[in-house]
Amino acid sequence: MHRWFELFIPTLREAPADAEVASHKFLVRAGYIRQLSAGVYSYLFLGQRSFNKIIGIVRQEMDKIGQEFYLPALHPRELWEESGRWAVMGDTMFRLKDRKGADYCLGMTHEEVMTSIARKELRSYKQLPQIWYQIQNKFRDEARPKSGLLRVRQFTMKDSYSFDIDPAGLDVSYRKHYDAYCRIFDRCGLKYMVVEAHSGAMGGSQSHEFMVRTPAGEDQIVSCESCSYAANMEKAASKLAPVEDLAVTGDGNPVEVHTPGQKTIEEVARFLGVSPKNKIKTLALIANETDAKTGKPKARAVVVLLRGDHQLNEAKLSTALAGKETRAMQEDEIRQVFHSPAGFLGPVGLSNVAVATNGVFGEGAILLVDTALEGRKNLISGANKEDYHLKNVTPGRDFQPTAYADLRSVTAGEACPNCGGQLRIDTAVEIGHIFKLGYKYSQSMGARVLDRNGKEVTPIMGSYGIGMERILTAAVEQNNDENGFWLPPQIAPFEIVVTPTNVRDEMLTNTAEDIARRLEAAGFEVLLDDRDERPGVKFKDADLVGIPFRVTVGKKVTEGTVEVVRRSTREMLDVSIAAITEYFEKLLRPAR
RNA sequence: CGGGGCGUAGCGCAGCCUGGUAGCGCACCUGCCUUGGGCGCAGGGGGUCGUAGGUUCAAAUCCUAUCGCCCCGACCA
């Protein structure tokens with residue numbers, strides 16, 4: 001039996017000063033975790049117990065669809081050079097040398113190791129599909145660890161990888177993961193949502209993120225109030241209300257208007273008495289790309305046009321640019337490249353605009369135009385001339401975009417692309433991510449199998465992750481009040497804490513012992529608070545440490561009853577001592 | 001990586017400006033007392049003041065460097 005008196009459960013009355021978010025404060029105060037270094041934590045008794053239960057659930061569900069491996073955390077440099085990621089990962093990768101001076105890194109993820117196994121061992125389509133998973137530490141030297149266990153440098157991830165003979169097979173593996181993840185998070189008692197995620201530059205791949213709404217999160221998710229549509233900001237779309245175009249001025253061709261000193265969208269719109277919706281927002285950027293012939297890095301001008309009241313979404317821009325990174329141009333660069341003063345830049349008359357052929361951009365400046373401007377007329381843009389703007393600007397007629405693309409961020413209140421309902425935006429934490437990888441690793445690392453026809457083909461892969469700590473953290477974020485938190489019984493370190501109000505009273509002690517023993521015999525996880533403390537201390541601790549039910553053994557034992565308190569609601573109920581086991585059977589068994 | 005803040009006892013903090021050899025609350029130990037919401041009384045233990053250098057008769061305090069941690073931003077398969 002677990003007796004509090006003998007255990008190490010170092011609860012704190014006060015949270016460490018540097019804890020900001022609820023889960024961080026409470027997990028430290030409740031004695032679950034202690035910090036060792038920035039973004040590196042030790043899990044103490046209660047934390048580890050809860051963690052083990054989470055791992056148990058994940059393992060059970062993953063075993064239904066895949067096979068558990070355990071891969072090294074220490075990887076040789078060569079492996080990561082094969083996939084090209086030794087260079088890409090930069091400072092986020094922990095790197096070290098062995099005694100001979102050879103380079104190693106600590107694994108941030110395990111695509112490379114898994115693929116290295118697959119390519120050695122998988123020979124035939126008959127061996128596919130495979131789903132391999134592991135529960136392992138990951139190391140990422142985050143630029144800024146924060147929020148307790150939410151963003152750390154060493155953490156535990158369940159990561160799995162699927163190998164299929166073709167995209168249809170990948171669809172099946174992907175679906176299996178989707179369903180397994182739902183079962184896992186349901187069993188962990190989390191309120192979560194599944195959102196479409198932006199799938200990067202590889203094209204055609206699919207990705208979903210499993211998110212838990214909480215202000216402590218660092219992602220923004222968009223969801224519909226009326227239907228099931230949900231996506232992260234990098235992917236979310238919306239239907240825009242139609243905008244009335246301005247009436248033609250003069251002969252309908254672009255015409256200059258004098259706008260002395262009016263540089264911002266708001267200034268110009270107010271000055272001309274029009275809505276920012278009828279204005280074109282022109283952004284000048286520099287993209288870094290690699291010269292196709294020489295392989296050397298080179299800069300490329302990118303001009304982005306948005307509706308005046310819209311905001312650029314950098315993830316979408318990156319997708320539109322096939323993953324290239326961009327930065328804003330400096331004023332002198334704008335002058336130099338476009339011969340225009342900053343603040344009066346516009347698309348009409350821009351020289352050397354790239355043309356796209358089959359989605360490939362030719363030479364010159366890339367002119368990307370947000371789809372919200374497609375089909376619009378008589379807009380107002382900069383005239384590329386100090387103190388002048390243009391009226392009557394019509395895309396497609398007065399300038400030719402290199403491409404139209406979805407480039408703007410959705411805002412709350414816009415219409416759902418599926419049903420037209422209202423969209424809302426919430427901050428959330430990502431607890432799981434499933435991703436159709438495609439051929440990236442199997443291709444670059446040379447995994448090949450023979451298909452039915454004896455032809456060599458590259459298996460298609462998927463990769464799927466769950467942040468194990470984040471399940472615990474999200475649960476705490478979702479279930480707390482000023483006194484502490486409560487976990488769903490399935491992931492709580494104990495399901496029931498039995499609290500005799502006075503251990504010097506033999507009747508109370510004996511009754512509490514008896515109840516604890518019977519509950520344990522019935523298969524419940526019970527913590528007996530046998531400390532010689534005042535009741536107040538024990539109640540405060542019980543409220544703090546995340547155990548969902550408390551049995552208070554006090555005065556009422558003379559009447560043959562004890563109190564059962566549900567931590568989440570503070571609901572209190574007198575239950576007969578004789579029937580206590582049955583009471584919890586009814587309460588907790590269905591959840592198992 | 002840019003901006004800001006903080007390092008003094010296990011936790012939370014004061015002292016620093018104006019240098020004089022370290023203090024408060026909680027926690028901890030002993031005894032008494034108390035037992036339905038962090039109880040009371042008495043006694044007690046515990047600190048290289050992040051580290052290194054400098055200024056000074058004297059440095060937690062002033063100067064320089066450095067390390068660590070936190071926050072905002074950038075970044076985030």
Side-chain angles (χ1 to χ4, degrees), chain A residues 8 10-21 24-25 28-29 31 34-40 80 83-86 88-93 105 107-112 114 138-148 150-153 155 157 159 161 197-202 205 207 209 217-219 232 234 314-315 318 323 325-328 429-430 433-438 440-441 461-465 467 482-484 499-505 508-509 529 531-544 550 552-557 562-563 565 570 572:
Chain A
F8 183 63
T11 57
L12 299 175
R13 198 181 289 217
E14 286 172 286
D18 48 24
E20 291 279 317
V21 301
H24 187 195
K25 286 181 186 164
V28 172
R29 282 192 55 202
R34 287 294 183 261
Q35 181 171 8
L36 180 64
S37 173
V40 182
W80 284 76
S83 67
R85 292 209 290 181
W86 179 265
V88 173
M89 287 308 181
D91 291 337
T92 309
M93 179 181 258
C105 67
M108 308 171 62
T109 170
H110 283 77
E111 278 85 1
E112 279 81 358
M114 279 290 186
K138 299 285 185 270
F139 298 87
R140 295 180 190 179
D141 194 0
E142 295 287 349
R144 189 147 93 81
K146 60 174 185 181
S147 308
L150 232 37
R151 184 168 197 73
V152 289
R153 297 195 296 170
F155 60 99
M157 184 186 250
D159 50 320
Y161 306 86
H198 122 112
S199 45
M202 270 163 279
S205 21
S207 174
E209 288 172 347
E218 41 189 17
D219 291 316
N232 72 12
E234 296 163 3
E314 294 190 23
S318 168
E325 294 195 358
T326 53
R327 64 169 175 83
V429 58
E430 178 186 345
H433 194 170
I434 56 179
F435 189 74
K436 289 185 180 173
L437 268 184
K440 183 176 158 82
Y441 298 92
M461 292 175 61
S463 114
Y464 318 86
E482 65 281 0
N483 295 308
T499 310
T501 53
N502 183 356
V503 295
R504 306 215 181 161
D505 182 328
L508 296 187
T509 315
D529 190 354
R531 294 174 298 167
D532 184 11
E533 290 284 357
R534 297 175 59 83
V537 173
K538 294 165 75 149
F539 292 157
K540 286 286 185 193
D541 273 345
D543 284 350
L544 176 62
R550 183 178 90 210
T552 308
V553 181
K555 292 172 195 139
K556 291 175 192 160
V557 291
V562 290
E563 267 171 22
V565 183
R570 284 283 161 76
M572 231 179 271

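Note that the coordinates shown come from a computational prediction; the quantities given were computed from them, not determined experimentally. Lettering follows sequence order; numbering is per chain, from 1.
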Interatomic distance where [atom1] belongs to [X] and [atom2] belongs to [N] [whole Å]:
X        : N     : atom1 : atom2 : answer
A:Leu12  : B:G10 : CG    : P     : 13 Å
A:Leu544 : B:G37 : CG    : C1'   : 14 Å
A:Ile434 : B:A77 : CD1   : C1'   : 16 Å
A:Met89  : B:C76 : CE    : C1'   : 10 Å
A:Met108 : B:A77 : CE    : C1'   : 7 Å
A:Asp141 : B:A77 : CG    : C1'   : 15 Å
A:Asp529 : B:G38 : CG    : C1'   : 13 Å
A:Met572 : B:G36 : CE    : P     : 14 Å

Which part of the nucleic acid, if any, lies within reach of [X] when heavy atoms closer than 4.0 Å are counted: base, sugar-phosphate only, or nothing?
X        : answer
A:Arg570 : nothing
A:Asp541 : base
A:Thr109 : nothing
A:Glu314 : sugar-phosphate
A:Met93  : nothing
A:Asp543 : base
A:Arg29  : base

Mind checking the [atom1] distance from [N] to [M]? Whole angstroms is fine.
N     : M     : atom1 : value
B:C29 : B:G20 : P     : 35 Å
B:G3  : B:C49 : C1'   : 28 Å
B:G50 : B:A60 : P     : 10 Å
B:C6  : B:U30 : P     : 39 Å
B:G45 : B:G25 : P     : 15 Å
B:A59 : B:G15 : C1'   : 14 Å
B:U66 : B:U21 : C1'   : 26 Å
B:U61 : B:G46 : P     : 24 Å

Subject >> A:Asp18 side, atom CG; A:Lys25 side, atom NZ - distance, nearest 0.5 Å >> reply: 11.0 Å

Which base sits across from [N] as a Watson-Crick or G-U pair, both distances under 3.5 Å?
N     : result
B:C62 : B:G54
B:C1  : B:G73
B:U35 : none
B:G10 : B:C26
B:U18 : none

Subject >> Presence of donor-acceptor pair under 3.5 Å, side chain of A:Arg85 and base of B:A77 >> reply: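 Side chain to base: no pair present.
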
**OP:** State whether the distance check finds a donor on one side and an acceptor on the other, under 3.5 Å, for side chain A:Asn502 versus base B:G36.
**Re:** no

**OP:** Please determine, for the side chain of A:Pro16, which listed nucleotide (B:G38, B:C75, B:C11) has the closest atom?
**Re:**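 Nearest to the side chain of A:Pro16 among the choices is B:C11.
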
**OP:** By nearest nucleotide on RNA chain B, pick out whichever of A:Glu218 and A:Thr552 is the more 5' one.
**Re:**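 Going by which nucleotide is closer to the 5' end, it is A:Thr552.
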
Original post:
Starting at the 5' end of RNA chain B, which residue's closest nucleotide do you reach first, A:Ala15 or A:Val553?
Top reply: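 By nearest-heavy-atom nucleotide position, the 5'-most residue is A:Ala15.
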
Subject >> Electrostatic pair A:Arg550:A:Asp543 at N-O distance under 4.0 angstrom >> reply: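 Yes, charged N to carboxylate O under 4.0 Å.
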
For the residue pair [X] and [Y], establish whether any side-chain heavy-atom pair is separated by less than 4.5 Å.
X        : Y        : answer
A:Arg140 : A:Arg153 : no
A:Val429 : A:Asp219 : no
A:Val28  : A:Arg34  : yes
A:Phe539 : A:Thr499 : yes
A:Ser207 : A:His433 : yes

Subject >> No-hydrogen, no-angle side-chain donor-acceptor test under 3.5 Å, A:Asp541 and A:Thr11 >> reply: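 Judged by distance alone, the side chains do pair up.
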
Original post:
Only one of A:Thr552, A:Asp532, A:Val503, A:Thr501 clears side-chain contact (heavy atoms from CB on, under 4.5 Å) with A:Lys538; which?
Top reply: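 It is A:Val503, the one option of A:Thr552, A:Asp532, A:Val503, A:Thr501 that forms the side-chain contact (heavy atoms from CB on, under 4.5 Å) with A:Lys538.
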
Subject >> Residue pair A:Ser83, A:Glu112: steps toward the side chain to side chain contact (heavy atoms under 4.5 Å, CB included) verdict >> reply: CA-CA 7 Å; A:Ser83 67; A:Glu112 279 81 358; 2.5 Å; yes

Polar pairs (N or O, both sides) under 3.5 Å between protein and nucleotides 67-71 of chain B?
unit_1	atom_1	unit_2	atom_2	d
B:C69	OP1	A:Ser37	OG	2.9
B:C69	OP1	A:Ala38	N	2.7
B:C69	O3'	A:Gln35	NE2	3.3
B:C69	O2'	A:Asp18	OD2	3.2
B:C70	OP1	A:Gln35	NE2	3.1

**OP:** Report the C-alpha separation of A:Asn483 and A:Leu544 in whole Å, then their side-chain angles, then the decisive distance to 0.1 Å, and conclude whether the side chain to side chain contact (heavy atoms under 4.5 Å, CB included) test is met.
**Re:** CA-CA 6 Å; A:Asn483 295 308; A:Leu544 176 62; over 6 Å; no

Original post:
Step by step, would you call A:Lys138 with A:Val152 a side chain to side chain contact (heavy atoms under 4.5 Å, CB included)?
Top reply: CA-CA 10 Å; A:Lys138 299 285 185 270; A:Val152 289; over 6 Å; no

Original post:
Using a cut-off of 4.0 Å between protein heavy atoms and nucleotide atoms, how would you tag nucleotides 26-34 of chain B 5' to 3' with B, S and -?
Top reply: SS------B

